[in-house]
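Structure first, commentary second.
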There are 2 protein chains.
Amino acid sequence: MTDEPHKPAKRPLTLRDVSEASGVSEMTVSRVLRNRGDVSDSTRARVLTAAKELGYVPNKIAGALASQRVNLVAVIIPSLGNMVFPQVLTAISEVLDQTPLQPVVGVTNYLPEREEKVLYEMLSWRPSGVIIAGLEHSDASKAMLRGAGIPVVEIMDTDGTPIDSMVGISHRRAGRMMAEAIMKAGYRKIAFLGTKMPLDHRARKRFEGFTEALAKKGLEIVDQEFYDGGSSLAKGREMTARVLERSPEVDFVYYSNDKIGVGGLLHCLDAGIDVPGRLGLAGFNNISLLDGFSKRLATMDSGREEIGRRAAEIIAARVEAGSDEMAGERIELSPTISRGDTLRARPAGGDYPE
Amino acid sequence: MTDEPHKPAKRPLTLRDVSEASGVSEMTVSRVLRNRGDVSDSTRARVLTAAKELGYVPNKIAGALASQRVNLVAVIIPSLGNMVFPQVLTAISEVLDQTPLQPVVGVTNYLPEREEKVLYEMLSWRPSGVIIAGLEHSDASKAMLRGAGIPVVEIMDTDGTPIDSMVGISHRRAGRMMAEAIMKAGYRKIAFLGTKMPLDHRARKRFEGFTEALAKKGLEIVDQEFYDGGSSLAKGREMTARVLERSPEVDFVYYSNDKIGVGGLLHCLDAGIDVPGRLGLAGFNNISLLDGFSKRLATMDSGREEIGRRAAEIIAARVEAGSDEMAGERIELSPTISRGDTLRARPAGGDYPE
DNA sequence: CTGAAAGCGCTAACAC
DNA sequence: GTGTTAGCGCTTTCAG
């Protein structure tokens, strides 16, 4: 073998190059590189040496085309800015790391058209499965998912009918649970602060469940405000200040996520408002943003770690088995409330008339 | 055309199916679907109808193999948990959205072996370019990058020699700048809190630049502490408390990132420590974590938005032109300090003896 | 244990 | 404008 310095490598190397360099047929080289079939130790060694020497990187495109197998799982999520999704992703990766499968991420920014485009692009690579956030998709997206002939797991939400499998929580139930906990603690003048919800279906469902549970006890939202764009502490702060000024009777604020919730909490601390005595607060998602604060915001854990894990397990099992045994699996997890320091039974509370 | 309900679709559709359904040759169907070459409006329409009717999704694997072109850009970053990287990613996506290129993300968790594996996997899909964080890679990784014969942009850091192009800031300089600003403000008993740095080269370089600048003025770090694993407010809190107890003379703490820096700030606020009078604080990265706080932490912007944008532009230009005109481009951006509310000239300060 | 032939689904290049 | 032919780099299948 030559000892010349490695050249710029204009044409990428092929199996053939390794075959020639090692004096072994392409087929056998391929076997060695994939650990398939029996190959004598001596030829194996020769091939491996040659491949490393040359710096050969197999061409998966050709491999996938020939074998009709692509070990990719499309994971389609709305955003990377909301830490919830990186966390789900991490859980997915941990499971898939034990398998030959690999996640490939697509981001939709909560836009259905964008989701459609991302999905189309990903499906055109013929992945082995799809994990996609939410149950709401355009008709075209649904058609693509159904037509792809691969396992599809819709995650995060269970309020609706999945295309195939689903793993998540009921956000309606989550909203109801929080409303009940708040009322039970004795709060009565409740406000809501959240994103504009036409596209964030899960936030909308929580809101619906929340108001529904209030209505059942004869209560209504006292005040509410919605914002555009991403969440930030600053927004939570400002909106909270405005609501409290506009509706001083408010004794609880329910936020659609922890980030603006913590912003609200900061406002209260600065303004010297007694939390949770004069005012209670709660968010959603149990984002670890909180864990260094003197006061922990009441929130709800959506089980995103488990969601990611179980979704990946379903895909892995179905791809591996080739069987459709787990097809149509529907897993609803239970969200759990953590009261933190901002949702406590009030002296007069806990005695809600049934 | 049949009006039967869409069947489960066992075998994915191929160009041939569309060809038969529309009565147009495969080649022409291909032209229509890619908007290449001239096709009469009537055949175009027939093809488009048939394709949509069937729900055909092109097979990019076959397309890529045939055309020897893959419009993917591998983006390799250490983590998604540190918001800096999603932000870089967003900037990259925005630029690539204007082109036929698409980013594909790989995460290394700061582990060189993992980087090597991720890189290998991504390169085996023959992407059109690579954007990778950092200048430190294993020999094997460097060999792969050099051998791939595609544009490579190393981002975030400029303290070292790139394989091809680089876009970033000098973290050594960033550390020096912060040290100088701190000394100039009149602080003298300076402590450092950060991650264990064997694998986080950029944090290490900042630390080195920092101590070097102190040394130039005859100062040394008074105390320091390092932590394992991810950053959190809680860690920043605890470590700060420990340092202040152990070394009560400390008048400034420099953190390796904003998250633990804010944790430290929270500790100070709770403990009633006068910031920045009695104690100054500074972090790194200008993470928007801060923008709702009553006190803003002093920090430094690493220009990650611009880094992502320029890196993507280099790749896009080189892929489009096919030329190597921008090969070897080296762009060093200037970090900017923002003093926030935790780094202010002290009454006795500003008079450092030259 | 190893090799030869065929072909995965698409597109480049060239006819017509 | 449209069709035909060859082949991308690999794996499947079958023969030895």
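Numbered from 1 within each chain, the chains take letters A, B, ... in sequence-line order.
Among residues two or more places apart in sequence or in another chain, the salt bridge (charged side-chain N to carboxylate O under 4.0 Å, His left out) test is passed with A/R310 by A/E306. Partners of B/R304 by salt bridge (charged side-chain N to carboxylate O under 4.0 Å, His left out), not counting sequence neighbours, listed by chain and number: B/D301. In this structure A/D17 satisfies the salt bridge (charged side-chain N to carboxylate O under 4.0 Å, His left out) test together with A/R11, sequence neighbours excluded. Contacts of B/H137 classified as side chain to side chain donor-acceptor pair (under 3.5 Å), with partners at least two apart in sequence or in another chain: B/E115, B/E154. Partners of B/S93 under the side-chain contact (heavy atoms from CB on, under 4.5 Å) rule, at least two apart in sequence or in another chain, are B/P103. Applying the salt bridge (charged side-chain N to carboxylate O under 4.0 Å, His left out) rule to A/E20 yields the partners A/R16; only residues at least two apart in sequence or on another chain are considered.
Contacts between residues 116-126 of chain B and DNA chain D, defined by a heavy-atom separation below 4.0 Å, involve no residue at all.
From one end of the helix from C/dC1-D/dG16 to C/dC16-D/dG1 to the other, with five pairs defining each end axis, the axis direction shifts by 30° (rounded to 10°).
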Can you give the donor-acceptor pairs under 3.5 Å from side chains of residues 57-68 of chain A to other protein atoms, not counting sequence neighbours?
unit_1 : atom_1 : unit_2 : atom_2 : d
A/N59  : OD1    : A/I61  : N      : 2.8
A/N59  : OD1    : A/A62  : N      : 3.2
A/K60  : NZ     : B/E121 : OE1    : 2.5
A/S67  : OG     : A/G63  : O      : 2.8
A/S67  : OG     : A/R69  : N      : 3.3

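Within the structure, the salt bridge (Lys or Arg N to Asp or Glu O under 4.0 Å) test picks out the following pairs touching residues 132-143 of chain A (sequence neighbours left out): A/E136-A/K205. Contacts classified as salt bridge (Lys or Arg N to Asp or Glu O under 4.0 Å) and involving residues 90-111 of chain B (residues at least two apart or in different chains) are given here: A/R114-B/D97.
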B/S/- contact track for nucleotides 11-16 of chain C, protein heavy atom under 4.0 Å: BBBB--

